[in-house]
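Contents: one structure, followed by commentary.
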Amino acid sequence: MKAFLAKLDCGAGTRACRVETRLDAFRGLRTPRSKVPNTHAPRSKGIVRPKSVDTSVDAADTSVRATAVVVLALLTLACSAVAATGAQPGGELRFCLYSEPKTFNPLLVADTSSEAIRYMTAGVLIRVNRQTQELEPSLAVSWRVVSQGRGIAFKLRQHVAFSDGTPFSAEDVAYTMHTLFDPSLHAPTADSFHAGGAAVKIETPAADEVTLTFPTPVAGIERLFDQVGILSSKSPRKEMASLGPFYVAQYKPGSEVDLSRNPYYWKRDRQGLRLPRIDAVRLYIQQNRDMELIRFQRGDLNIMSAVSPELFDQLQARMPAAVRDLGPSLESEMMWFNQSPKAPLPAYKKLWFQSREFRRALSAAVNREDLCRLVYRGHAHPAEGPISPANRFWFNSGLKPHRYDPAEALALLGKAGFRLQDGQLYDAQSHAVEFSIVTNAGNQAREKIAQMIQQDLKAIGIRLNVVKLDYSAIIDRISQSLDYESCLLGLTNVDLDPDAQMNVWLSSASNHQWNPNQASPATPWEAEIDRLMQAQGSELNPARRKAYFDKVQEIVSQEVPFLYLVTKNALVAVSPSLQNADPSVLRPQAVWNIEMLALTQEVAKK
């Protein structure tokens, strides 16, 4: 199940340096490795050197030759700089996808594997830097929000081409946006713009200018374009024509996806060499993480992402220089109680779950530090609330995790009319407090969390029954039949901006998990969250938006509709053979700067 744009988850050596300049005599472009139409440029095998020039030349020829000498000198310096790093241009980067990609169309991406491929192949107007989390120009050199927040005007980068040589212009941006908002396409990314089927005005006053105007203001509109891969309106390769550093060269279902270097990619490094530095990327479709670990250790793979704590510790013992614990990620584990009046539960249990004191008491009864230490081997932190510290701007630093305090838990329960008698907790009507929690079978970490919560609640007289179900069965219960008492699942925030969380926090929303689809807010605090979310969604000033959402986070911490348990750390492994790697907690983690990555000479030559 999707919760908004967050998801419930269940150097130079013997080889010559490859260089490219604006002089046709030096240009060496590359071809795809296989199964790619001949619309892509042909590959050269290194530097294409100019023929010798007759010594009796006129002034113009002397000028040209002098220019060539200067260019060669600059290229030699650039190659020397690359060699000094120990990195070698070329070679093949290899890592795993953990599921089959569902699409190569950048507008239809809804799964993690397709998202990773889109990041490495699609060009976007604006890019969110995965380390700084700030916006950076990409295909758009500049932009400005217009029409009181209802529109955005772009100035586009010139002299850019798709991977098959087709020129890029404003016409392609207009074509992409028209396609994105076509209701028949059902593009997941379109929902974030809140167009709601209404017409979006698209103007192209010049070949390098585009203005988009929406029916209503869109808060944080600039960030949304990080997820919109630009399509070519003219290329015969359609959505397979790429503006990113690589393009899809071959796909073997169930086996691998092969990417080849885009010979027309617009970025260059500080020495003026065209990026990316790596020639190809091979993505193995591999679900078995133990096998992935073996392949990484023997050098068949360069990267492992989303490593489990168990595999991380194994690898740390054998290859300590390879592993990196990046700290808190955007992934958390949480539980909640079913507060829906429509739920087929006894009335007295609904009263428990609707009681703030009951929810706060159970939150105080859970030892989050133990969960982090025993389930995640120390690679996790107690969760503060709906936003992880990894989300630098939107995290409310004033919040603290609910502390473990069984005595406080019993005091809160006593205030709500519960009593502890002979090791069993009873409510005011003498019902023994017992309920079940559903979680997905086969998720070992989640099963351990449920067992530990079971032990913690037993200490305050509550019997918790753990029910393990298939993920699809859980989704049916929490979204359709409402036949459950409490639920333990994970949450992955895909979008940093809280506007993407509207259909969780609005009381009328279907993903308002504890009590969905309310005709009107069931409680005053839910009505206040509605007001604050709508206010931040229409506010264009970032500071005021943050103030609104900080208050939302405070209310959630006080009222505890979700018990936020732990925020998992982002764990990755990077081979020492991979240079310039700077992994981020944001996806795609180790390859967010894919165009700058390079392999050591020994590996690149293989």
Side-chain angles (χ1 to χ4, degrees), residues 6-10 98 112 287-290 292-293 296 303-320 322-336 362-391 395 399-405 437-457 459 464 466 468 471 486-494 562-574 583-587 589-590:
K7 300 177 182 177
L8 289 174
D9 54 62
C10 60
Y98 307 121
T112 303
Q287 296 181 354
N288 188 315
R289 300 306 301 267
D290 292 320
E292 180 191 24
L293 177 64
F296 180 84
I303 293 168
M304 289 179 64
S305 295
V307 180
S308 70
E310 294 78 12
L311 293 184
F312 185 93
D313 286 354
Q314 290 180 41
L315 194 55
Q316 188 172 40
R318 300 167 188 167
M319 300 176 64
V323 295
R324 306 191 192 185
D325 184 334
L326 307 177
S329 69
L330 297 178
E331 299 182 30
S332 63
E333 297 291 323
M334 63 185 187
M335 66 174 288
W336 70 90
L362 269 66
S363 184
V366 175
N367 192 329
R368 291 166 172 81
E369 293 284 357
D370 272 4
L371 296 180
C372 296
R373 180 171 56 87
L374 299 176
V375 179
Y376 294 99
R377 298 171 175 249
H379 302 294
H381 293 77
E384 294 87 351
I387 299 297
S388 161
N391 190 337
F395 174 65
L399 297 181
K400 303 299 178 186
H402 290 179
R403 67 177 183 174
Y404 173 58
D405 191 338
I437 187 167
V438 297
T439 194
N440 51 317
N443 187 308
Q444 296 182 4
R446 219 161 273 160
E447 290 178 358
K448 290 178 183 177
I449 290 174
Q451 292 168 2
M452 292 181 67
I453 293 175
Q454 186 180 54
Q455 295 171 12
D456 287 340
L457 297 188
L464 177 66
V466 179
K468 306 168 189 177
Y471 190 69
S486 67
C487 183
L488 168 63
L489 283 179
L491 182 73
T492 300
N493 288 294
V494 178
F562 292 119
L563 276 68
Y564 293 97
L565 303 172
V566 300
T567 298
K568 296 184 285 186
N569 286 9
L571 307 178
V572 301
V574 178
S584 164
V585 299
L586 306 185
R587 295 200 306 237
Q589 292 193 318

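Along the sequence shown, residues carry numbers from 1.
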Any side-chain heavy atom of R318 within less than 4.5 Å of one from L293?
yes

Just so I know, are the side chains of N569 and Y376 near enough to count as touching, which here means a heavy-atom distance under 4.5 Å?
no

Within-4.5 Å side-chain heavy-atom neighbours: V307 and R289:
yes

Using side-chain heavy atoms (C-beta onward) and a distance below 4.5 Å, is L326 in contact with S584?
no

Separation between CD of E310 and CD of Q314, rounded to the nearest 0.5 Å:
8.0 Å

Atom of C372, atom of P382 and distance for their closest heavy-atom approach
SG-N, 3.5 Å

Is there a donor-acceptor pair under 3.5 Å between the side chain of S329 and the backbone N or O of K568?
yes

Does a side-chain heavy-atom distance below 4.5 Å link N440 with L488?
no

Partner of M335 by side-chain contact (heavy atoms from CB on, under 4.5 Å), out of I437, V438, L362, I449
I437

Among L315, L311, V574, side-chain contact (heavy atoms from CB on, under 4.5 Å) partner for F296:
L315

Looking just at side-chain N and O atoms, do D456 and N367 make a donor-acceptor pair shorter than 3.5 Å?
no

Can you confirm whether the side chains of S308 and R377 place a donor and an acceptor under 3.5 Å from each other?
no

